[in-house]
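These notes are about the structure you will find just below.
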Amino acid sequence: MDIEKAIEVVKFELNQSRFEHTLRVMETSEKLAERFHVPVEKAKLAAALHDYAKNWPADRLKTYIQNHLPSELLEYHVELWHGPVAADIMEKQFHVTDMEVLQAIRHHTTGRAKMTKVEMVVYLADYIEPGRSFPGLEEVRNASEKNLEYACWLTAKKTLQYLIGRNSIIHPDSIHAYNDLTGFVKAEGMLNE
């Protein structure tokens with residue numbers, strides 16, 4: 001699927017504000033991919049498709065998951081459902097075959113251990129796109145100018161802190177992403193013990 005087709009496909013599914021968010025994530029993904037020498041077209045395509053199912057009602061997402069995906073996903077917050085649903089639809093209905101693109105769509109909300117650079121770019125771009133505004137965001141944006149892994153580590157850390165602060169159940173992929181990225185940034189000497 002090319003970028004133009006992807007935009008057409010998601011525009012049909014998304015409300016205006018979510019579509020505008022998607023365009024900003026695409027633009028941010030392109031900049032990050034260029035900055036960190038990541039395949040730009042893969043990052044842009046995954047960014048274009050990442051929120052395909054975001055505006056679906058919870059009952060539609062739940063039914064899709066029950067029919068097509070592991071039911072354990074339903075144990076976690078509804079906000080985590082749209083990524084795996086979108087990835088599954090892109091693979092099965094739209095015949096997207098690039099596993100890096102599909103994984104970036106699937107894990108853009110939670111992250112995961114051993115993310116590819118394409119996954120990291122979309123995960124980070126979704127967090128820092130210019131339409132977002134919340135405490136601590138500028139620190140991540142500043143980090144994204146210098147180091148992809150460190151910026152993703154900050155994203156994972158701040159996401160966990162936010163979820164813990166809200167007494168939320170945390171998907172294991174989010175914890176694994178944080179642990180994996182912590183190991184990397186420590187090994188690279190980016191963190192003090």
Side-chain angles (χ1 to χ4, degrees), residues 1-65 67-69 73 77-112 115-134 137 140-141 144-145 148 151-152 155-156 159 171 173-174 177:
M1 180 184 298
D2 64 24
I3 299 295
E4 292 73 27
K5 174 67 174 173
I7 292 170
E8 181 184 314
V9 163
V10 298
K11 189 170 188 176
F12 183 75
E13 289 292 324
L14 300 177
N15 65 32
Q16 188 61 33
S17 66
R18 184 55 50 178
F19 180 67
E20 289 169 5
H21 160 77
T22 295
L23 295 178
R24 291 190 301 268
V25 174
M26 279 179 55
E27 182 180 319
T28 305
S29 290
E30 181 175 21
K31 289 177 182 173
L32 291 170
E34 288 172 350
R35 181 175 302 142
F36 297 113
H37 312 289
V38 175
V40 173
E41 291 307 307
K42 285 185 181 194
K44 281 179 64 179
L45 181 60
L49 299 172
H50 82 285
D51 270 352
Y52 174 84
K54 179 70 172 180
N55 290 145
W56 285 19
D59 59 340
R60 184 177 178 195
L61 287 166
K62 182 177 181 180
T63 299
Y64 190 93
I65 292 164
N67 291 328
H68 302 283
L69 293 169
L73 184 57
H77 196 280
V78 66
E79 285 294 314
L80 303 183
W81 298 356
H82 69 282
V85 169
D88 196 67
I89 290 170
M90 289 306 130
E91 183 175 18
K92 291 177 180 168
Q93 295 178 24
F94 292 97
H95 311 293
V96 174
T97 57
D98 189 311
M99 285 312 294
E100 273 191 293
V101 170
L102 292 170
Q103 291 289 63
I105 297 167
R106 183 172 287 113
H107 298 287
H108 77 270
T109 304
T110 60
R112 69 176 181 111
M115 283 190 281
T116 68
K117 301 281 189 187
V118 171
E119 287 176 87
M120 286 187 207
V121 162
V122 176
Y123 175 71
L124 180 58
D126 187 43
Y127 193 82
I128 67 168
E129 63 93 343
R132 301 262 197 215
S133 178
F134 47 85
L137 182 56
V140 181
R141 285 186 176 139
S144 77
E145 297 286 331
L148 179 61
C152 286
T155 299
T159 298
H171 194 284
D173 282 343
S174 297

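Atoms considered below: every heavy atom in the structure, side chains included; atoms not considered: hydrogens, waters and symmetry mates. Residue indices begin at 1 and follow the sequence shown.
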- Item | Rounded distance [0.5 Å steps], CG in Leu49 versus CE in Met90 | 5.0 Å
- Apply the side chain to side chain contact (heavy atoms under 4.5 Å, CB included) test between Val122 and each candidate in Gln103, Met115, His108; give the one that qualifies. His108
- Which heavy-atom pair separates His107 from Tyr123 by the least distance, and what is that distance? O-CD1, 4.1 Å
- Would you say Arg112's side chain and Asp173's backbone share a donor-acceptor pair under 3.5 angstrom? no
- Taking every non-hydrogen atom, the tightest pair across Leu61 and His82: CD2-CA, 4.1 Å
- Lys62 backbone acceptor or donor facing Trp81 side chain under 3.5 Å: no
- Task: Show the numbers, then the answer: is there a salt bridge (Lys or Arg N to Asp or Glu O under 4.0 Å) between Glu79 and Lys54?
- Result: CA-CA 8 Å; Glu79 285 294 314; Lys54 179 70 172 180; 2.4 Å; yes
- One should read off an interatomic distance between Met26 CE and Ile3 CD1, to the nearest 0.5 angstrom, of 5.0 Å
- For Glu27, check side chain to side chain donor-acceptor pair (under 3.5 Å) against everything at least two apart and list the hits. Lys31
- Task: Assert yes or no for the condition that the ring centre distance of His21 to His50 is strictly below 6.0 Å.
- Result: yes
- Roughly how far, to the nearest 0.5 Å, is the OH atom of Tyr127 from the CG atom of Leu137? 6.5 Å
Would you tabulate the side-chain donor-acceptor contacts of residues 32-47 under 3.5 Å, counting partners in other chains and residues two or more places apart, or write 'none'?
residue: Arg35; atom: NH1; partner: Ser144; partner atom: O; Å: 2.9
residue: Lys42; atom: NZ; partner: Asp98; partner atom: OD2; Å: 3.2
residue: Lys42; atom: NZ; partner: Glu100; partner atom: OE1; Å: 2.8

- Task: With sequence neighbours left out, write down each residue that passes side chain to side chain donor-acceptor pair (under 3.5 Å) with Arg132, or none if nothing qualifies.
- Result: Asp126
- Task: Please report the C-alpha distance between Val85 and Tyr52 in whole Å, then the side-chain angles of each, then the deciding distance to 0.1 Å, and finally whether the side chain to side chain contact (heavy atoms under 4.5 Å, CB included) criterion is met.
- Result: CA-CA 9 Å; Val85 169; Tyr52 174 84; over 6 Å; no
